[in-house]
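Written below as structure tokens is the structure these notes are about.
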Amino acid sequence: MKMEQEAKEYTLSVLTEDKPGLLNRLTIIFSRRKINISSLNVSSSEVAGVSRYTLVVTETKEHLEKVVKQIRKLVDVLGAFVYDEDQIFYQEIALYKVAASAFEQNGMIEKLVRNNGARIIALDKDHIIIEKTGTKHETHELYLALEPFGILEFVRSGRVAISKSKRKTEAFIKELESSRSNKLSIKDF
Amino acid sequence: MEAAVEIKEKKETVLGSEALLKCLLKENVDTIFGYPGGAIMPVYDSLFKYENKLKHVLTRHEQGAVHAAQGYARSSGKVGVCFATSGPGATNLITGIADAQIDSTPLVCITGQVASHLLGSDAFQETDIIGISMPVTKWNFQVSSADEIPYAISRAFYIAASGRPGPVLIDITKNAQQELMEFKYKSCEKIRSYQPYPDVDEDKILEASKLINEAEKPLVLVGQGVTLSGAEKEFKQFIEKAGLPVASTLLGLSALSTKHPLYVGYTGMHGNYGPNLKTNECDLLIAVGMRFDDRVTGDVNKFAKQAKVIHIELDPAEIDKNVKTDVAINADAKQALKLLTPEVQEKSYESWLKEFKNCDDKEHEKVKSQALFPEDGELKMAEVIHQISQITEGKSIVVTDVGQHQMVASRYYQFDQKKSNITSGGLGTMGFCLPAALGAKLGTPKRQVIAIIGDGGFQMTVQELGTIMQYNIDVKILILNNNFLGMVRQWQELFFERRYSFTEMTNPDFVALANSYNISAQRVSERAELDDRINEWLSTEGPSLLEVMVEKEENVFPMVPTGSSVSDVRLE
Ligand SMILES: Cc1ncc(C[n+]2csc(CCOP(=O)(O)OP(=O)(O)O)c2C)c(N)n1
């Protein structure tokens, strides 16, 4: 009997041409296989005209590799890479809205902000906005700490991640332009 | 001199609709299958004056147009082209596009769309065909201004035909068709984010040849990849040098002549006994241009577990998807085989081949002899196919629909020429055959095209008899009529205790129906008359139809029931 691999959290980094409709094409590959995307971020990359999608999913490596191959097959995808936690630096940003009255009660909130490496980015007569950048675990910790004071609104961004790999995006794309080599077989995950 | 250059470079101002046709001509398109409507009328208006350069075939349904384009593409090896209007016209293409996607058929489908200022507003006959077709196209693109047309079309043809082929949809808004643009065309040669042909890893070739040279019971499974790559010759050289027995998948049929001494049969759910059984006995499985579909593998956890696996495959996403490989060669079949053949030793496997022969004898005794040479009773599908195969010497293009007749045709037609098998494999689309056959005939006018259809599937796209009549397309249509949705009935008999839930059909008079389309037709139900009727039918000039009344409750065997192992292939 084959052992079922265990599902783990992985971060996917997908480099694409900056074209409309691609997000849809990408997410179809996940939804077909009923894989839940737990976080998604789209931004420009360091190369003009190239977008970077960062996705977080919990899956077995084996299943995910099949998904990645299907992503690489999309015509406008330049490259797709899977990383586990050790292979990347990553952050998420969280914003918390707390009533000004709670803030004024005592110095507790201010202390929490300081101790958690967060900061206050807005302060008006009704409420304050706290910002914290960190891992999901860290932003969640602060959430729990602030909860007793009443959180009026909370939002957390998708994960942004940078790999520890030495590969340079620009050189990678240059290579695609000059060679007939297959983006699909590039091993450097 | 300078003046001449200038004249040559002088740009031509044309309407977007005409630019589209000019692009198609640049891509060497000669035939378009289509159906007009409001949102594509400017294109049809331009087509009026291109009538002599571009043959447009008006089908009777957009599904007919797309299947015809598929048949055209698969017989000719060129890209199939179809036109449809927005909304219902476009959605009617979807089944064929999905079929082409799963069976790797190069298509460029052009749809009209409402004017760009109306997009997203639920305008009359607006559907989001880009969104709808996204999961079933290799690529799609919406053109909303005329000057994007050459870009879109050049990419469309490049993407559809290169690498693992597939369907592309280009949606063109009405305003883009009506705008003027300066026409300039450059065919697409490279897209940096799309690398259709991998460099072959020579180490893998050596690893594969080592496994082949050491094997004692090797078996090759050939798929459509060989046909798509045009590698029939290289494939034959490879297996002949290494002495390898070859079994074919459904779509691999006709890549190697069934008469070849190393050909051991057809594999998969209704394939031959030997290839299924021996898949679980071989020590090396060499898969060439096939994708281990579940209709081939049965229970994949019990598939060829004892064997080492070599997979030669162009699409990297297919490698290790269903079956884990020991050596994967990610390459076009032709290129890989050219490199592999010099590395393999000349060998032969007499006793191993004999085992296949023994299996075949057993299949003959249990299945074939009764199916092919019954002495009494109603006509059987197999004997009809066998007769046709004998008469045509296996040299015709055989287009089949989906069901029992398809499996029987695949089992008993003895393909002797390449690119002769056209069927809906991956999607199993009933209604595929009739339009695909007319397309196949237009793609290869010199070859005889035989359409083999069940009474159920025939009625799914029967309206295309009108197209066959109007353009006098010489297809020979065979209906194997069992007055049942036969394949479903077979499953009901075997797995649902004979509860024939909605599978019996009351059919029209097919002969009269064909006659009403001016297509000559006859019906046969007597064994003694079969030969003559087939000969008459095949020698009739122009399109003709033969309806053969066959046994109502015949089952196709062998069979690997869904979810079973290939070694559990049943002979009865
Ligand atoms: C569009 C579509 N609908 C339903 C099916 C399911 N199906 C597969 S085979 C079959 C029966 C086909 O009957 P017929 O065309 O008479 O051929 P036979 O099996 O009798 O040769 C059906 C309904 C299908 N493959 N395609």
Side-chain angles (χ1 to χ4, degrees), chain A residues 1-5 14-33 45 47 49-51 53 61-80 169-187, chain B residues 101 104 119 128-142 144 151-152 155-156 158-160 162-164 166 168-169 171 188-201 204 300-302 305 313-324 328-332 335:
Chain A
M1 273 304 288
K2 195 177 60 175
M3 284 284 287
E4 284 287 316
Q5 274 189 353
V14 183
L15 291 167
T16 77
E17 301 288 2
D18 183 10
K19 296 257 170 75
L22 249 175
L23 175 61
N24 208 352
R25 279 197 175 267
L26 260 176
T27 54
I28 283 169
I29 293 175
F30 291 88
S31 55
R32 269 184 79 185
R33 288 177 179 264
S45 71
V47 180
V50 173
S51 304
Y53 288 68
K61 182 95 181 195
E62 192 187 351
H63 203 178
L64 205 54
E65 275 173 3
K66 294 178 185 179
V67 169
V68 167
K69 285 186 191 168
Q70 289 178 325
I71 292 174
R72 288 174 176 175
K73 220 161 102 167
L74 298 178
V75 168
D76 291 314
V77 166
L78 292 150
T169 305
E170 191 149 15
F172 168 73
I173 290 170
K174 281 257 157 62
E175 196 188 316
L176 288 180
E177 277 168 3
S178 58
S179 77
R180 275 172 33 107
S181 91
N182 195 335
K183 65 166 177 175
L184 303 161
S185 62
I186 287 171
K187 283 280 163 352
Chain B
Q101 171 86 341
S104 315
L119 285 170
D128 176 13
I129 198 63
I130 291 294
I132 293 174
S133 65
M134 206 168 262
V136 291
T137 47
K138 190 171 171 188
W139 185 64
N140 66 11
F141 185 78
Q142 186 171 64
S144 54
Y151 162 85
R155 278 192 149 220
Y158 174 61
I159 292 169
S162 57
R164 178 176 179 180
V168 169
L169 182 137
D171 193 35
C188 179
E189 277 154 21
K190 183 172 169 67
I191 297 171
R192 69 175 183 180
S193 60
Y194 170 69
Q195 314 267 336
Y197 299 103
D199 292 332
V200 186
D201 184 343
K204 297 287 177 199
V300 75
N301 297 315
K302 295 182 188 147
K305 287 293 173 200
E313 168 60 49
L314 181 55
D315 179 357
E318 293 297 348
I319 292 172
D320 290 336
K321 187 179 83 176
N322 299 336
V323 169
K324 279 261 178 235
I329 301 176
N330 179 205
D332 180 67
Q335 206 188 356

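Protein chains get the first letters and strands the later ones, always in sequence-line order, with residue 1 at the start of each.
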With side chain to side chain contact (heavy atoms under 4.5 Å, CB included) as the criterion, how do A:Leu176 and B:Lys190 come out once you've worked through the C-alpha distance, each side chain's angles and the decisive distance to 0.1 Å? CA-CA 10 Å; A:Leu176 288 180; B:Lys190 183 172 169 67; 5.9 Å; no
Output the distance between atom CE (B:Met134) and atom CG (A:Leu26), rounded to the nearest 0.5 Å. 10.5 Å
Heavy-atom distance under 4.5 Å to chain A: side chain of B:Asp201, backbone, both or neither? neither
Residues in salt bridge (Lys or Arg N to Asp or Glu O under 4.0 Å) contact with B:Glu318, at least two apart in sequence or another chain: B:Arg164, B:Lys321
Counting only heavy atoms closer than 4.5 Å, note whether B:Lys324 contacts chain A via side chain, backbone, both or neither. side chain
At their closest point, which heavy atom of A:Lys73 faces which heavy atom of B:Ala317, and how far apart are they? CD-CB, 3.8 Å
Nearest atoms (heavy-atom pairs only) where A:Asp76 meets B:Arg155: OD1-NH1, 3.7 Å
Could you tell me which non-hydrogen atom of B:Ser193 sits nearest to which non-hydrogen atom of A:Val75, and how far apart they are? OG-O, 2.5 Å
Minimum heavy-atom distance A:Lys19-B:Tyr151, with the two atoms named: NZ-OH, 3.7 Å
Any donor and acceptor pair, going by atom type alone, linking the side chain of A:Lys69 with main-chain N or O of B:Ile319 inside 3.5 Å? yes
Among A:Gln70, A:Arg32, A:Lys66, residue most engaged with chain B (heavy-atom pairs, under 4.5 Å): A:Lys66
Based on non-hydrogen pairs under 4.5 Å, which of B:Pro135, B:Gly131, B:Gly163 is most in contact with chain A? B:Pro135
Minimum heavy-atom distance between B:Arg192 and A:Ile173, given as atom pair plus value: NH1-CG2, 3.3 Å
